[in-house]
Amino acid sequence: MNVLAIYPGSFDPITNGHIDIVKRALRVFDKIIILVAVNPGKKYLFSVEERVQMIKDSLKEYPQVSVDSTSGLTVHYAQKVGANAMIRGLRAATDFEYEFQMNNANVFIDKQIESIFFMAKHEFMFISSSTIKEMVAGGIDVSKLVPAPVYTMLKEHQ
Ligand code: ADP
């Protein structure tokens, strides 16, 4: 069976924490589509095109991974491509409440699509896209926390 999952998120920008989730999820799923969310109510540092390109450049050695974007509901996207599962990551208890509520909303829309949660590895637990952006603004070297193509883009945005 060819099991397809989508990994939805803002990815503003993708970090080594996200990358770790993708690599581990590839042991469970045959194919993963990373889905960049476009939420008109949210302010992003990077455009959707930039976010998609950074993910493609960061994961180019993984042919099982593709990247797309949507301004609609992630569940609708999953239905459209025939995905069986949605991948999410959990760092701390604070993530749990938000993810639990999102999962309930998604199950309400379509109970056939399962959300699968991967626990963050210890060394990636503190990494979030917002922390990265704050660190960069404060002049901290984040080269060990993000993939090389993201590091380049962050420097260009300074
Ligand atoms: P969203 O705005 O949808 O939360 P993010 O790009 O911030 O988008 O995160 C996408 C998913 O990846 C979320 O489930 C989040 O909990 C998870 N995630 C983010 N950073 C990490 C990390 N360092 N380790 C594990 N999971 C993470």
Side-chain angles (χ1 to χ4, degrees), residues 4-29 31-59 62 64-78 81 83-110 113-137 140-151 153-154 157:
L4 167 68
I6 63 167
Y7 181 17
S10 304
F11 304 105
D12 187 39
I14 191 161
T15 70
N16 286 351
H18 294 121
I19 300 277
D20 182 60
I21 299 290
V22 173
K23 287 181 182 171
R24 287 162 55 201
L26 279 173
R27 296 193 206 123
V28 180
F29 301 105
K31 206 173 163 271
I32 295 172
I33 302 175
I34 302 184
L35 187 64
V36 177
V38 185
N39 182 342
K42 263 194 181 179
K43 274 204 81 157
Y44 301 105
L45 175 64
F46 294 105
S47 69
V48 62
E49 293 79 15
E50 288 173 320
R51 285 180 280 151
V52 166
Q53 196 56 49
M54 281 186 281
I55 302 171
K56 284 186 177 164
D57 293 344
S58 305
L59 286 160
Y62 293 89
Q64 318 92 302
V65 177
S66 55
V67 192
D68 202 356
S69 63
T70 184
S71 51
L73 296 173
T74 53
V75 172
H76 285 163
Y77 185 92
V81 296
N84 318 67
M86 298 212 287
I87 298 164
R88 296 288 288 176
L90 285 175
R91 280 157 297 187
T94 42
D95 275 349
F96 179 80
E97 232 171 278
Y98 173 71
E99 296 292 343
F100 190 70
Q101 182 261 331
M102 278 289 294
N103 180 57
N104 284 334
N106 288 334
V107 167
F108 176 79
I109 303 168
D110 186 342
I113 300 166
E114 285 294 343
S115 288
I116 312 282
F117 298 90
F118 287 80
M119 305 287 263
K121 251 195 212 150
H122 181 70
E123 64 260 46
F124 300 121
M125 265 182 80
F126 73 98
I127 306 178
S128 69
S129 301
S130 352
T131 310
I132 296 291
K133 287 178 278 192
E134 280 165 28
M135 284 186 179
V136 169
I140 307 293
D141 177 9
V142 297
S143 56
K144 289 192 169 65
L145 310 178
V146 294
V150 174
Y151 185 62
M153 282 292 280
L154 281 167
H157 259 261

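Order of appearance sets the numbers: ligands from 1, and atoms from 1 within every ligand. Index from 1, following the sequence.
Summarising the geometry, atom CG belonging to L145 is positioned 9.0 Å from atom CZ belonging to F124; distances are rounded to the nearest 0.5 Å. Separating the CD1 atom in I34 from the CD1 atom in I55 is a distance of 5.5 Å, to the nearest 0.5 Å.
The aromatic rings of F96 and F100 lie parallel to each other, their planes meeting at an angle below 30°, with 60° marking the opposite boundary.
In this structure, R51 is positioned above the aromatic face of Y44, its NZ or CZ under 6.0 Å from the six-membered ring centre and within 45° of the axis.
Taking 4.0 Å as the cut-off between side-chain N and carboxylate O, D12 and K133 count as a salt-bridged pair.
Sorted by chain and number, the heavy-atom contacts of ligand 1 below 4.0 Å come from Y7, P8, G9, S10, F11, G17, H18, I21, K42, R88, G89, R91, D95, E99, A120, F124, I127.
Partners of K121 according to the salt bridge (Lys or Arg N to Asp or Glu O under 4.0 Å) rule, which considers only residues two or more places apart in sequence or in another chain, are D20.
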